[in-house]
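Notes follow the structure.
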Protein chains: 2
Amino acid sequence: MTPPSGPPLGLLLARTSKAVGRAFNAALAESGGSLPIWLVLANLRGSAWPSQLELAHAVGIEGPTLTRHLDGMEAAGLVRRVRDAADRRAFNVELTDAGSALHDRLVEVVIAFNRRLQTGISPAELAALRDVLGRLEANVR
Amino acid sequence: MTPPSGPPLGLLLARTSKAVGRAFNAALAESGGSLPIWLVLANLRGSAWPSQLELAHAVGIEGPTLTRHLDGMEAAGLVRRVRDAADRRAFNVELTDAGSALHDRLVEVVIAFNRRLQTGISPAELAALRDVLGRLEANVR
DNA sequence: TATTGTTATACTCTATAACTATA
DNA sequence: TATAGTTATAGAGTATAACAATA
């Protein structure tokens, strides 16, 4: 018999992710980023998206929410919306040089954050964590 | 040598907690709750708080944010703010019967959610998860 | 003066519904 | 009619700064 230990797992997870999420956001903000900006940048770098909506869902948000972020990012000179020649309803979203540069900086930030986050945690523990996290997500899907 | 495996841990954690957090909120909402409401209720049941600010910090928010939640909860008849006789600046926040009843219902929701969340995950894995989660939080503090 | 809590205000992230322009 | 994306609007959760009442 294993007795229940401490707060419910959901609460523990919420608390941890709140703390980690805040620290992550703060780290990104220091370099001029944010979590959604980084997600968009990371999904843009390397992949071409057939539509903004698919990009949005890859990021985990709805279309209008992506529009808002892209508006801000375009105003900041990070991305460009180019009309698709074949289907003039669609846009191809492209990284500008500034967008690529920010992406590169944020990658460094993410790597450093990751290193800090993982301090004192063994590779085996990390692998187990990844595995269990994946199963938790599947359990609520 | 253990090669890097998959997305950065921070991203994985963000994604998992987003998914789990949404499902958790949805489960609480079905019974008329929300994450902050549940946190306030859970912290109120059992403990007496010397000040609202300490309650706020126990919940993980600032004073004015708690004021907002308490306003809503008081309007919904879940809590009562009673002036402290000894220090008339302070309020004692008390659960009403409706607040206690909601707390009881939400406890059930939380237990059920927890059960769903933990499906197929062994006690040893859960214990390891709790441990690692705690260390992750400490690493960013 | 210091503290408790509220008010005023604003920001970020999110969503749904209605609209425009293409197809 | 259907689809890609935007605009309009709204709501939840959060914070900081200024304030009132009390100590």
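In what follows, chains carry the letters A, B, and so on, assigned in the order in which the sequence lines appear, proteins first and then strands, with residues in each chain numbered from 1.
The interatomic distance linking A/Gln52 (CD) with C/dT20 (P) rounds to 19 Å, in whole Å. For the pair A/Leu66 CG and C/dT16 C1', the interatomic distance rounds to 16 Å; values are reported in whole Å. The CH2 atom of A/Trp38 sits 15 Å away from the P atom of C/dC13 (whole-angstrom rounding). Rounded to an integer number of Å, the gap from A/His57 NE2 to D/dG5 P is 11 Å. Rounded to an integer number of Å, the gap from CZ of A/Arg83 to P of D/dG5 is 9 Å. Rounded to a whole Å, the CH2 atom of A/Trp49 is 15 Å from the P atom of D/dA4. Between the NE2 atom of B/His69 and the P atom of D/dG11 there is a distance of 16 Å, given to the nearest Å. Taking atom CG on B/Asn25 and atom P on C/dA15, their separation rounds to 13 Å, with Å as the unit.
Of the candidate nucleotides D/dT7, D/dG13, C/dT7, C/dT7 has the atom lying nearest to any side-chain atom of B/Thr67. The listed nucleotides are C/dT7, D/dT14, C/dA23; the one nearest the side chain of A/Arg88 is C/dA23. Considering only the side chain of B/Glu62, D/dA15 comes nearest among C/dT4, C/dT16, D/dA15.
Of the two residues near DNA chain D, B/Gly60 and B/Ala85, the one whose nearest nucleotide lies more 5' is B/Gly60.
The phosphate of D/dA15 (OP1 or OP2) has a side-chain N or O of B/Thr65 nearer than 4.0 angstrom. At the phosphate of C/dC13, neither OP1 nor OP2 sits under 4.0 Å from any side-chain N or O atom of B/Lys18.
Residue contacts shown for A/Arg22 are limited to sugar-phosphate atoms, with no base heavy atom under 4.0 Å away. Nucleic acid contact for A/Asp87: sugar-phosphate only, since backbone atoms but no base atoms lie under 4.0 Å from a heavy atom of the residue. Residue B/Leu35 is out of contact with every strand shown, counting any heavy-atom pair closer than 4.0 Å. At a threshold of 4.0 angstrom between heavy atoms, the contacts of B/Pro64 include nucleobase atoms, whether or not backbone atoms are also involved. B/Ser51 comes within 4.0 angstrom of sugar-phosphate atoms only, judged by non-hydrogen atoms across all strands, and of no base.
The two residues B/Glu125 and B/Gly120 have their closest heavy-atom pair at OE1-O, 4.3 Å.
A donor-acceptor pair under 3.5 Å is formed between the side chain of B/Asn43 and the backbone N or O of B/Leu39.
Here A/Ile111 sits in one hydrophobic cluster together with A/Val107; the rule is ILVMFWY side chains under 4.5 Å apart, joined directly or through other members.
With respect to A/Arg81 and A/Glu94, no salt bridge is recorded, no charged nitrogen being found less than 4.0 Å from a carboxylate O.
Counting heavy atoms from C-beta on, the side chains of B/Leu28 and B/Ile37 never come closer than 4.5 Å.
A/Arg89 contributes a side-chain N or O that forms a donor-acceptor pair with the base of D/dT3 under 3.5 Å. The base of D/dT14 is paired with the side chain of B/Arg68 by a donor and an acceptor separated by under 3.5 Å.
Between A/Phe24 and A/Phe113, the ring-plane angle classifies as tilted under the 30° and 60° cut-offs.
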